[in-house]
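Take a look at the structure set out below.
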Amino acid sequence: MKDERKNIKVIPEVKESLESIRKELELKTESLTLAYLVAMYLDQKDKNLTLQDHQNYIRASRKAHGITE
């Protein structure tokens with residue numbers, strides 16, 4: 001049976017954070033962890049996510065990747 005999963009390439013800091021979240025949530029796989037984070041994002045984006053929150057998350061993502069504004 002051919003494995004149809006796709007690989008996602010991330011920097012080590014993101015990988016470490018994902019693993020930390022996986023352990024904290026007691027999820028078995030990175031895929032389950034990513035699915036959880038996607039579901040949380042989709043649920044929250046129409047509720048309480050403010051423009052300031054969004055900008056802070058984007059800034060944190062760029063900082064983790066060494067991108068200066």
Side-chain angles (χ1 to χ4, degrees):
M1 180 175 192
K2 183 179 177 188
D3 187 351
E4 298 292 332
R5 294 176 293 181
K6 301 291 181 188
N7 289 326
I8 298 175
K9 308 257 188 263
V10 298
I11 61 174
E13 294 83 1
V14 172
K15 177 79 169 181
E16 290 170 15
S17 294
L18 183 62
E19 182 62 15
S20 176
I21 293 167
R22 185 192 68 73
K23 287 178 181 178
E24 183 177 337
L25 297 176
E26 298 179 355
L27 296 168
K28 289 186 176 186
T29 66
E30 288 179 354
S31 183
L32 287 170
T33 308
L34 289 169
Y36 170 89
L37 293 171
V38 168
M40 184 173 55
Y41 165 77
L42 292 173
D43 181 59
Q44 291 299 311
K45 77 174 189 173
D46 293 329
K47 292 182 181 176
N48 299 319
L49 187 64
T50 66
L51 176 59
Q52 185 64 48
D53 290 338
H54 169 73
Q55 290 170 338
N56 289 339
Y57 298 145
I58 294 295
R59 204 172 292 116
S61 175
R62 289 179 177 154
K63 181 179 178 183
H65 286 81
I67 300 170
T68 58
E69 295 181 40

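What you see is a predicted model; the values in this text were computed from it and never measured. Values below: every heavy atom of this structure, side chains too, minus hydrogens, waters and symmetry copies.
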- request: Find the distance between CD (Glu24) and OG1 (Thr33) and round it off to the nearest 0.5 Å.
  value: 11.0 Å
field: N/O donor-acceptor pair under 3.5 Å between Asn56 side chain and Gln52 backbone
entry: yes
- prompt: Taking the side chain as C-beta and beyond, is there a heavy-atom pair between Ile8 and Glu30 under 4.5 Å?
  reply: no
task: Any chance you could measure Arg59, atom CZ, to Ile67, atom CD1, to the nearest 0.5 Å?
output: 13.5 Å
query: Do Val10 and Tyr41 belong together in a cluster built from hydrophobic side chains that touch within less than 4.5 Å?
result: no
query: Do the non-hydrogen side-chain atoms of Leu18 and Arg22 ever get within less than 4.5 Å of each other?
result: no
task: Give a yes or no on whether Met40 and Val14 share a hydrophobic cluster (residues Ile, Leu, Val, Met, Phe, Trp, Tyr; joining criterion: side-chain heavy atoms under 4.5 Å apart).
output: yes
field: Stepwise side-chain contact (heavy atoms from CB on, under 4.5 Å) check, Ser61 with His65
entry: CA-CA 7 Å; Ser61 175; His65 286 81; 4.2 Å; yes
task: Report yes if the side chains of Ser17 and Glu13 come closer than 4.5 Å at any heavy-atom pair, otherwise no.
output: no
task: Say whether Leu32 and Val38 are linked into one hydrophobic cluster, either directly or through other cluster members, by side-chain heavy-atom distances under 4.5 angstrom.
output: no
task: Mind checking the CG-CG spacing from Leu27 to Leu37? Nearest 0.5 Å is all I need.
output: 9.0 Å
